[in-house]
2 protein chains.
Amino acid sequence: MPLQKAPRGTVMRDVAKLAGVSHQTVSRVLNEHPNVRPETRLRVLEAMRSLNYRRNLAARTLVTRRSNTLGIIGFETTLFGPASMLYGIESAAREAGYLVSIATVRNLERADVLSAVDRLAQHAVDGIIAIAPKTAVTSALMQAPTDLFCVAVGGAGDSESVPTVRMDNAEGACLATQHLLDLGHATVHHAAGPGDWPEAHERTEGWRRTLYAAGAVVPPVHPQWWDAASGYEQGRAMAADPAVTAIFCANDRIALGVLRALHEAGRKVPEEVSVVGFDDMPDSGFFLPPLTTVSQNFGELGRRSLALLLEHMNRPSDAETVDHVIVPPTLVHRASTAPPPPPR
Amino acid sequence: MPLQKAPRGTVMRDVAKLAGVSHQTVSRVLNEHPNVRPETRLRVLEAMRSLNYRRNLAARTLVTRRSNTLGIIGFETTLFGPASMLYGIESAAREAGYLVSIATVRNLERADVLSAVDRLAQHAVDGIIAIAPKTAVTSALMQAPTDLFCVAVGGAGDSESVPTVRMDNAEGACLATQHLLDLGHATVHHAAGPGDWPEAHERTEGWRRTLYAAGAVVPPVHPQWWDAASGYEQGRAMAADPAVTAIFCANDRIALGVLRALHEAGRKVPEEVSVVGFDDMPDSGFFLPPLTTVSQNFGELGRRSLALLLEHMNRPSDAETVDHVIVPPTLVHRASTAPPPPPR
DNA sequence: ATCTCAATTGTGAACGCTAACAGCCCCCAG
DNA sequence: CTGGGGGCTGTTAGCGTTCACAATTGAGAT
């Protein structure tokens, strides 16, 4: 591949010459060093502007060993949740003066994650945030070069020694389940997410524990994937069972599939069956009927994770604490839940 | 903000010493220069592996003036479309040996876009892909440093002199509208997207032209935003009008809102009113009823745009052609469309 | 008038890599 | 036996920035 060589632009030396100072003074102006006479400063700034000077960050990175770039390891970033976290991180990073580079992984195999870390490390990122719902990722992260700061966002709670920002999935599941129990439902069925994803697992566990604490029967689960098709499959089985009056879904997309299955079976929501989702996607309020759901603030999650990363980067290296920030979920009440129908 | 200085790692010189060669030979191995004796090559590779050597790309960038990084200017990247394009671009970029950095803009003001370009340029990206639905972006792109290659993806068709990859929105709108006309509907109403977005505008124009060509009445439009709430608003007005039997929506989210409005008004879909969407989001097949929609292959759009960018970068600079790649849409038939009800 | 200290500016040397050129060795032709 | 050429390797000089230190200046203290 014959690549063209970009032409050389204006550099510090050029600015220095025009302003009648040394290159070092230009550097000082650029880095806001205090000891520069205001008058000199202005002259330099003027020269920079007239030459349209732009500092070469590669050279700067070479000597400072800091690139002002952060790496993000993403998975399934087309989904609303990950995409929102990405956005939250990027916004916060920009305000902190960082650019973010993204490395998505196809699957969550250890090798894939390691190669993503490697790619980011080669490009000299200062830190890595992994949008990393499976534990393979966090454990791979620990193999990262020791001079690289990492945090994980949105995965499970049991992550070993990588700082983590995450939602309290179990608590969210509890909120949803308890809400349905409080309405008078004898028990709550569960349309689960993929069992090997910690987030799905935690939601299932939160649901199970809540039922158990209430002395309710714990129905079996048949987890599949995160999408509406999976919800439709699970929902069909539940719709066929007249004992089912309340369903807690692992996310809103699954809930959409469940709603469709119930509709096809002729079971009215919420009159006959109540449904609760998880995520509060932007359009969940426009499902038929509008979905009661557990709200996750993905943007906040992203922002928090960046804050945690920066905090770690600026902390003296002997402080070996591992933080885990947990963001609480809230329940959004809409029209898809109601008391159970009277027994006939 | 007191930042720690990362410790220094192993460099080429270390590898060279261990392998008993000069650093230049190490460099040759790394760059796959042909004239290295296989035996030497192996020794060097072995040394690199045992020292866990990782090439410093900042230094490489400094001398080659190529960072192997691409910049992406994104807008509303939490939405399914942009997020998918981003993913498509990133996948393709990885295969081509590039890392992508992302700069999102809050709004599409010229100043915002320029500052994003500037941020990317400072970080020495080799090229920029703008996910850029509004013309302000492409025109701002032309102000970019001349040594920076830019392409825009997914915006309008009338972009001036920036290479573009885009969907044929008018054609998609035509497909949808014609499908409804062919079913026997006297005319087709339109729940529009924001009129100041070229994509929305093109869809509206495609719809309008198709109706005009068929000699059908062109109903008024009241465009708002891309979300379900907007669809709900527009849908309520249409649901109240018994003459409305077919609705073409500017995207699937709007369609979701329209479906809800129709449902609340007691108008059955598709028996009384047919609805067509645009985008084919992953779960559109699980709406009530499953949505007939125009499918956009966002991933393909992303891949194509990367290919176009690379092609431009590797082209001799005297070739001043501007390419416009147009990806055709397809119509996905589902359950939300049917012939109009018999007049009563 | 001399000294001291701080503020301001300049000088040279890295940072880790690639490009350009020079040198070595060995084989084959003259 | 000598000369030339190609394969392979080493040497040197940047790339554009920051860092460490030296140099210069001027104000206030002695």
Side-chain angles (χ1 to χ4, degrees), chain A residues 2-44 47-48 51-69 121-124 126 147, chain B residues 2-44 47-48 51-69 121-124 126 147:
Chain A
L3 295 171
Q4 318 179 38
K5 190 154 176 173
R8 133 176 215 299
T10 58
V11 301
M12 246 181 210
R13 193 181 310 279
D14 305 330
V15 176
K17 193 180 300 175
L18 181 59
V21 296
S22 75
H23 67 255
Q24 177 58 13
T25 298
V26 177
S27 170
R28 276 192 267 259
V29 170
L30 226 39
N31 295 319
E32 289 171 346
H33 190 95
N35 289 345
V36 176
R37 208 165 29 172
E39 166 193 326
T40 320
R41 211 179 91 85
L42 283 179
R43 222 167 53 235
V44 169
M48 292 203 298
L51 290 178
N52 198 16
Y53 169 74
R54 191 175 286 135
R55 157 208 260 165
N56 181 328
L57 277 189
R60 176 176 222 249
T61 298
L62 180 57
V63 48
T64 60
R65 294 170 199 293
R66 316 197 92 258
S67 62
N68 283 294
T69 301
Q122 280 214 7
H123 280 262
D126 296 336
D147 58 325
Chain B
L3 296 170
Q4 318 178 39
K5 190 154 177 174
R8 128 178 220 300
T10 58
V11 300
M12 243 179 211
R13 193 180 306 279
D14 305 330
V15 176
K17 193 180 300 175
L18 181 59
V21 297
S22 76
H23 65 128
Q24 177 60 11
T25 298
V26 177
S27 169
R28 276 192 268 257
V29 170
L30 227 40
N31 294 318
E32 291 171 344
H33 191 96
N35 290 346
V36 177
R37 208 166 28 172
E39 167 194 324
T40 322
R41 210 178 92 85
L42 285 179
R43 227 172 46 237
V44 170
M48 292 203 298
L51 290 177
N52 198 18
Y53 170 73
R54 193 175 283 134
R55 158 208 257 165
N56 182 326
L57 277 189
R60 177 177 223 252
T61 299
L62 181 56
V63 49
T64 61
R65 295 171 199 294
R66 315 196 95 257
S67 61
N68 283 295
T69 300
Q122 279 215 6
H123 281 262
D126 296 336
D147 57 327

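In the text below, chain A, chain B and the rest are named by the order of the sequence lines, each starting its count at 1.
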Q: Check the surroundings of atom CZ in A:Arg55: do more than 12 heavy atoms from other residues, nucleotides or ligands lie under 6.0 Å from it?
A: yes

Q: Using the side chain to side chain contact (heavy atoms under 4.5 Å, CB included) definition, which of the options A:Val44, A:Asn52, A:Leu51 pairs with A:Met48?
A: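 Only one of A:Val44, A:Asn52, A:Leu51 forms a side chain to side chain contact (heavy atoms under 4.5 Å, CB included) with A:Met48, namely A:Val44.
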
Q: To the nearest Å, give me how far apart CD (B:Gln24) and C1' (C:dC21) are.
A: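 Taking atom C1' of C:dC21 as the reference, CD of B:Gln24 is at 11 Å.
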
Q: Please report, rounded to the nearest Å, how far the P atom of D:dC8 is from the CG atom of B:Asn35.
A: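 After rounding, the reported distance stands at 5 Å.
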
Q: Side chains of B:Leu30 and B:Tyr53, heavy atoms from C-beta outward: is any pair under 4.5 Å?
A: yes

Q: Report yes if a donor N or O on one partner sits less than 3.5 Å from an acceptor N or O on the other, where the partners are the side chain of A:His23 and the base of D:dT18; otherwise report no.
A: yes

Q: Checking only heavy atoms, does the side chain of A:Arg28 share a donor-acceptor pair with the base of C:dG10 at less than 3.5 Å?
A: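 Per atom types, the contact qualifies.
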
Q: By nearest atom, which of the nucleotides C:dT18, D:dG10, D:dT9 is closest to the B:Arg60 side chain?
A: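 Given the options C:dT18, D:dG10, D:dT9, the side chain of B:Arg60 is closest to C:dT18.
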
Q: Nearest to the side chain of A:Val21, which nucleotide is it out of C:dT9, D:dG16, C:dG10?
A: C:dG10

Q: Heavy atoms from C-beta onward define the side chain here; which of D:dG16, C:dT18, C:dT9 lies closest to that of A:Thr25?
A: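 Comparing D:dG16, C:dT18, C:dT9 against the side chain of A:Thr25, the answer is C:dT9.
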
Q: Once you round it to whole Å, what is the distance between P of C:dG10 and CE of A:Met12?
A: 14 Å

Q: Separation of A:Asn56 atom CG from C:dC15 atom C1', in whole Å?
A: 13 Å

Q: At how many degrees, to 10°, do the end axes of the helix from C:dA1-D:dT30 to C:dG30-D:dC1 meet when each uses five pairs?
A: 60°

Q: In whole angstrom, give the distance that lies between atom CZ of B:Arg13 and atom C1' of C:dT18.
A: 13 Å

Q: Look at atom CZ of A:Arg54 and say whether more than 12 heavy atoms of other residues, nucleotides or ligands are closer to it than 6.0 Å.
A: yes

Q: Take the protein atom CG of B:Leu62 and the nucleotide atom P of C:dT18, then report the distance between them rounded to whole Å.
A: 11 Å

